[in-house]
Amino acid sequence: MSSGYENKGFEASSELPPPAYDQQSIPMSEIGLPAPVEQTKEEKSGDAESQGGGAFLIPYLTVLVLIGRPIYFLELTLGQFSGYSQVKCWKCAPFFKGVGYGSMIATMAVLTYYVSIMALTVYYFIASFQKNLPWANCDEKWAGEGNCNGTGSATTQSVPEMFFLREVIKESANIDNGVGTPDWKLSLCLLFSWILIFGTLIRGVHSSGKVAYFTAIFPYFVMIILLVRGLTLDGSWKGIEYFVKPQWDKLAEPGVWYAAVSQCFFSLNTGFGSIIMFSSYNPFNHNIYRDAWIVSFMDTFTSLLAGFTIFAVLGSLAEELGVDVKDVVQGGAGLAFVSYPDAVAKFTWAPQLFAVLFFLMMFTLGLGSAVSDAGAIITIFCDSFPKLVRWHVTIVVCFVGAAVGIVYTTPGGQFMVDLVDFFGGSFVIYTTSVLEVIGIAWIYGVYNYLDDIEFMLGFRLGWYWKICWGILIPIFLTIILVYSLVEDISPSHNELPYPVIALVFGWGLAAVALLAFPLSDSRLCLKNSWDLSSLIRAGDPEILRSVWNG
């Protein structure tokens, strides 16, 4: 991939018909986003050819029922019962409060690159207002002299891919000599994203909750419009068939299940601390069980709706180009900024409108997740140091996030995205989630925790929760994690290995996050030190909360 092409800005390209599809396009690597369902998080599913369609859908739905939903409910009840964020809620078992610190470090790492993906959606959103979509036709201003064949198409890659790689991110061939200089337009988009996040968080959880109404409802409006439009296109049902048709041979691959678990965590936002943080503001006896059912159902519904919408449009693109659906589907950034824009550019009616709606939806979904994750980080500091002023902490977190995020606007930025996602995102979040369940189910005790929930909600949870928390989640996740590490320990970008210095940085990031677990508290508290049954008989939630919190 080339770099160094002059950035000409948001000018419209020449008025030419949409290009023909070039099957020599280079597949993009996976980009994971801390996704609600966030559209960006759904991109965690990885390369579509190896893990797309039914090969990924079945493991994802299975993991959602047996792992995702139980962990989600565990975090909801943990936050509501303790009334604290993901660090102070561990006073029942002090040794495990390092899990909270580890997830906080991982969340901050993920948040920095996550907002950089939001910056890309801002760039495309602005570009979508041009008279002709700039990625619809090849332009030698950004493609390079001799790389356009004179009919609006590219000679070696599809035009949307060339536009993304050469005009937007200006990706370098490797990062052996560094990541390069930040692009000023992407940097401005990044700054705008962080300013909006800061503005949302400045008044605390209540203002971010109001924003959540819009970020939760608006994407459905857009997805339904895009789905209706997609179903009217020729070939749409081929795309939907590819999405739902099982590929049974893929189910035996542990990597598929690892990807499904990672996607489930990003989809439900478990492991990042935001769920514990939000539920800590609930009244002690709030019916969180009902909320968990509603949210998990809507998460599944949204995932399926987004899948049908995307694959309906991509099926139409495959029909027009005369290729299989898998040949036009790419994972991560390739799906959001290459495949789908390619399909939208070929719409015969108002492609600019659908492009604007799509990227506005992407940004809206990203904003919801970014606000949640940043709020979780801020709450940890405010809980640990009550004298801190919340808006002071907010501005520091946003400033640090924006400063670190500049690295992702460089020509080597996408290399860094994959690196940080592998070590700081998937690996650490996966590990801390396993430890979180072990800490509650095996150390504090699953029956003790069921007693707490019964006291809080007024009814006893059944065998499903005992099996999932006590047996299935700890054992299954540990096996998959170990196997995946043994089979594939080194990340790559575009099938290129990272230089040693980059791997050292990645493992250093993971080590800092995971070492927070044993080093955070010297007290090894393997059992709760109070008579829980007598407290339950006392019937005072405030007494029980105060003892839980030490």
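Only this structure's heavy atoms are used, side chains among them; waters, hydrogens and symmetry mates stay out.
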Find the distance between CD1 (Ile288) and CG (Asn282) and round it off to the nearest 0.5 Å.
4.5 Å

Rounded to the nearest 0.5 Å, how far does CG of Asp299 lie from OG of Ser267?
3.5 Å

Do [X] and [Y] pair up side chain to side chain, a donor and an acceptor below 3.5 Å, judged on atom types alone?
| X | Y | value |
| --- | --- | --- |
| Tyr72 | Ser296 | no |
| Ser262 | Tyr430 | no |
| Tyr498 | Ser492 | no |
| Thr379 | Tyr84 | no |
| Asp452 | Tyr447 | no |
| Thr107 | Asp373 | no |
| Thr77 | Tyr449 | yes |

Scanning both residues in full, the closest heavy-atom pair of Leu509 with Gly424 reads CD2-CA, 3.8 Å

Please determine whether a side-chain nitrogen of the Lys or Arg among Asp324 and Lys238 lies less than 4.0 Å from a carboxylate oxygen of the Asp or Glu.
no

Between Phe301 and Phe297, how do the two ring planes meet: parallel, tilted or perpendicular, split at 30° and 60°?
parallel

Step by step, work out the salt bridge (Lys or Arg N to Asp or Glu O under 4.0 Å) result for Asp451 and Arg460.
CA-CA 8 Å; Asp451 288 342; Arg460 186 79 174 180; 2.4 Å; yes

Test ring pair (Phe, Tyr, Trp, His ring centres under 6.0 Å), reference Phe272, set Phe266, Phe265, Tyr114, output is Phe266

How about Phe455 and Phe81: are their ring centres within less than 6.0 Å of each other?
no

Looking at the rings of Tyr340 and Phe358, which for Trp means the six-membered one, are their centres under 6.0 Å apart?
yes

Heavy-atom count around Phe381 CZ within 6.0 Å, excluding the residue itself: above 12?
no

Can you list the steps and then say if Phe73 with Trp465 is a ring pair (Phe, Tyr, Trp, His ring centres under 6.0 Å)?
CA-CA 10 Å; Phe73 184 60; Trp465 304 99; 4.8 Å; yes

